[in-house]
Amino acid sequence: MNGDWSVIWLTLKLAGITSVLLLCIATPLAWGLARWQHRFKHWVLAVIALPLILPPTVLGFYLLIAFAPDAILGQVWKGLTGTQLAFSFSGLVLGSLIYSLPFAVQPLYTGFTGLDKRYLDVAHTLGMSRYACFRQIVMPLCQSYFIVAFGLSFAHTIGEFGVVLMIGGNIPEQTQVVSIALYDHVESGDYSRAHTLALGLLVFSFVLLSILYRFNRGGGRQWNFR
Amino acid sequence: MELSVKFHPVGEFSLDIQIKHQSSNTFIGLTGPSGAGKSTLLRCLAGLESQARVSGKWQSFDWATARVGLVFQDSLVFPHLSVGQNLLLAADFARKQSHNFDEVVSGCRCHHLLSRMPASLSGGEAQRVALARAILNAPDILLLDEPVSALDSHSRHDILSYLRRLSAAGLPMLLVSHDLTDLSVYCPSLLYVEEGRIIYHGPTGKVLDQIYQGKTAITASRFGLLHGDVVTVHNHGLVEFCCEGQTLYAEHLFVHNNAVTLSIRAEAVTIDRELSATTSATNSFICTVQAVTPEDGGHYQVTLTCGETLLYARLNVIAFNQLQLHPGEAVAARFATHSFHTS
């Protein structure tokens with residue numbers, strides 16, 4: 001079971017780092033998309049949403065090729081850090097950012113497009129800077145969408161299997177996350193440990209989703225009221 | 001006020017405003033039919049339309065560089081902040097010394113609302129909060145887009161009187177309203193806009209005459225304006241004033257430099273051949289019939305005059321046949337002390 005604790009810690013670390021980074025990336029991306037009007041906008045939205053429906057192995061396969069030491073991305077990474085991307089924790093984070101991107105962008109995009117733009121006009125007439133407006137008006141009004149974006153990214157990263165297996169391999173304390181460890185336990189016939197991990201993931205996912213739905217409902221009432 | 005606004009968004013509508021309004025008035029009204037471009041003009045002036053080209057000056061402020069505040073018709077009080085927090089946020093972003101917080105809160109009748117959340121406010125309360133927020137932000141010029149449309153007539157009188165005093169103290173205001181009565185009482189100058197162009201501008205009485213005489217899209221009830229000097233203010237806000245040498249009374253009048261303006265709708269005036277009769281109408285204004293004009297729907301508009309003052313009465317066909325009025329006849333126009341309240 002000691003080995004499983006390190007697996008759980010690594011999984012939580014991966015999900016935490018990925019979710020925080022995703023909020024930083026998805027917020028300006030969703031804000032820009034919500035305000036951007038262009039005839040090719042649906043193409044961009046479709047590209048971002050691809051991981052939602054693409055088989056994880058397809059995404060993992062292309063990421064593995066991109067992470068290879070002789071690929072451009074792999075070479076650039078090697079040049080910058082001296083390490084390789086494929087089968088590393090950094091590679092897992094980068095992969096997670098891509099496959100969890102729609103789970104962060106979609107809620108924020110929904111929140112930003114639903115926001116009454118006239119509040120931004122009021123902020124402008126009050127002399128608020130763009131940053132002040134975003135920090136003091138947009139973020140509080142879209143608070144529930146930020147929480148949902150963070151929660152879904154976190155949950156999806158924890159639950160991912162196919163992409164992680166393709167680009168991370170199964171290296172203990174480096175790339176072995178809970179879903180992979182669970183698969184390992186089943187393969188080796190250790191059903192007791194498999195049960196523990198599976199039940200843990202099930203309870204965790206249920207509790208997290210319940211909290212997110214509660215926030216989503218409360219948020220909707222909060223700023224669509226009147 | 002000098003103002004030039006050009007705004008041509010995609011579509012058929014375009015705004016092309018050119019005014020050189022020779023007046024030192026700091027409280028100017030703006031009216032026109034729905035879709036005339038009033039709100040769009042305010043958005044351009046407030047810097048919310050990046051494609052609009054705005055130039056000119058009002059008082060010492062340049063439209064292009066001044067901090068222009070805007071009170072939206074729908075109030076738009078930030079829903080995640082309490083009323084007090086909304087007001088403090090606006091004061092925090094004031095570019096110059098803000099007005100006294102307590103005075104503004106009291107002037108806008110918001111003192112009892114400070115701890116409330118916006119979702120619990122009525123339409124009128126939210127409008128008062130939005131006004132206080134805009135004033136506390138200390139703008140150079142304040143634009144008001146139907147800011148009192150949800151208020152009852154007494155609150156409207158209180159708030160508009162306060163705004164008028166504030167504008168006289170150095171905050172120029174442009175008030176958009178469909179209520180010609182409010183505009184005639186509180187705004188010394190009036191702009192009339194139609195299809196994105198200024199059609200009339202000048203002293204309010206003159207512009208109102210032009211609106212009624214011209215083929216404008218406004219079909220409001222006609223009303224007369226009585227200007228007078230206050231004699232005394234009785235209990236319960238009853239103001240005694242002198243107009244054309246005659247004594248009249250009205251409740252809750254806006255008094256500015258001891259002068260008052262009373263607007264009376266044609267429907268509120270009754271005509272009496274008996275000049276000295278005492279009735280419950282309180283006011284009896286002796287004047288001369290100038291013209292009798294048939295209107296649509298079997299009504300007649302009677303134009304009454306006394307000195308410089310014009311008053312209007314609207315009679316149905318039965319009253320018209322009974323009275324048999326002719327131009328030049330002396331009659332008493334009677335109206336109650338609260339006749340100017342229009343809603």
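Given the structure is predicted, the values throughout are model-derived calculations rather than measurements. Note on naming: letters A, B, ... go to the chains in the order of the sequence lines (proteins, then strands), and numbering restarts at 1 for each one.
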### Task
Would you please indicate yes or no on a ring centroid separation below 6.0 angstrom for F40(A) and W43(A)?
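Here the rings of F40(A) and W43(A) have centres that are less than 6.0 Å from each other.
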
### Task
Run the ring-centre check on W77(A) versus F67(A) and record whether the distance is less than 6.0 Å.
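Centroid distance W77(A)-F67(A): not below 6.0 Å, so no.
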
Charged N-O contact under 4.0 Å between [X] and [Y]:
| X | Y | value |
| --- | --- | --- |
| R67(B) | D140(B) | no |
| R43(B) | D145(B) | no |
| D158(B) | R109(B) | yes |

### Query
So, the side chain of N100(B) versus the backbone of D102(B): is there a donor-acceptor pair under 3.5 Å, distance only?
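Looks like yes, one N/O pair under 3.5 Å.
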
### Query
Between Q127(B) and Q73(B), what is the shortest heavy-atom contact and its length?
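Result for this residue pair: NE2-O, 3.5 Å.
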
#### Entry: For S177(B) against T31(B), the heavy-atom pair lying closest together
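Taking S177(B) first and T31(B) second, the nearest heavy atoms are O-OG1, 2.8 Å.
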
What part of [X] lies closer than 4.5 angstrom to a heavy atom of chain A: side chain, backbone, both or neither?
| X | result |
| --- | --- |
| V77(B) | backbone |
| R95(B) | neither |
| F78(B) | both |

### Query
Which residues in residues 81-91 of chain B have any heavy atom lying under 4.5 Å from a heavy atom of chain A?
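Within residues 81-91 of chain B, the residues that come under 4.5 Å of chain A (heavy atoms only) are L89(B), A90(B).
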
### Task
Could you tell me which residues in residues 128-139 of chain B have at least one non-hydrogen atom under 4.5 Å from a non-hydrogen atom of chain A, sorted by residue number?
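Within residues 128-139 of chain B, the residues that come under 4.5 Å of chain A (heavy atoms only) are R133(B), N137(B).
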
### Message
Going by the rule side-chain contact (heavy atoms from CB on, under 4.5 Å), which residues pair with A198(A) if we only count those two or more places apart in sequence or in a different chain?
### Response
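side-chain contact (heavy atoms from CB on, under 4.5 Å) check on A198(A) returns L182(A).
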
For residues 159-172 of chain B, which side-chain donor-acceptor pairs fall under 3.5 Å, sequence neighbours excluded?
{"unit_1": "S161(B)", "atom_1": "OG", "unit_2": "H157(B)", "atom_2": "O", "d": "2.6"}
{"unit_1": "R164(B)", "atom_1": "NH1", "unit_2": "Y186(B)", "atom_2": "O", "d": "3.0"}
{"unit_1": "S167(B)", "atom_1": "OG", "unit_2": "R164(B)", "atom_2": "O", "d": "2.8"}

### Query
For F112(A), is the NZ or CZ atom of K117(A) found under 6.0 angstrom from the centre of its six-membered ring and inside 45 degrees of the ring axis?
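Geometry flag: not set, cation outside 6.0 Å or 45°.
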
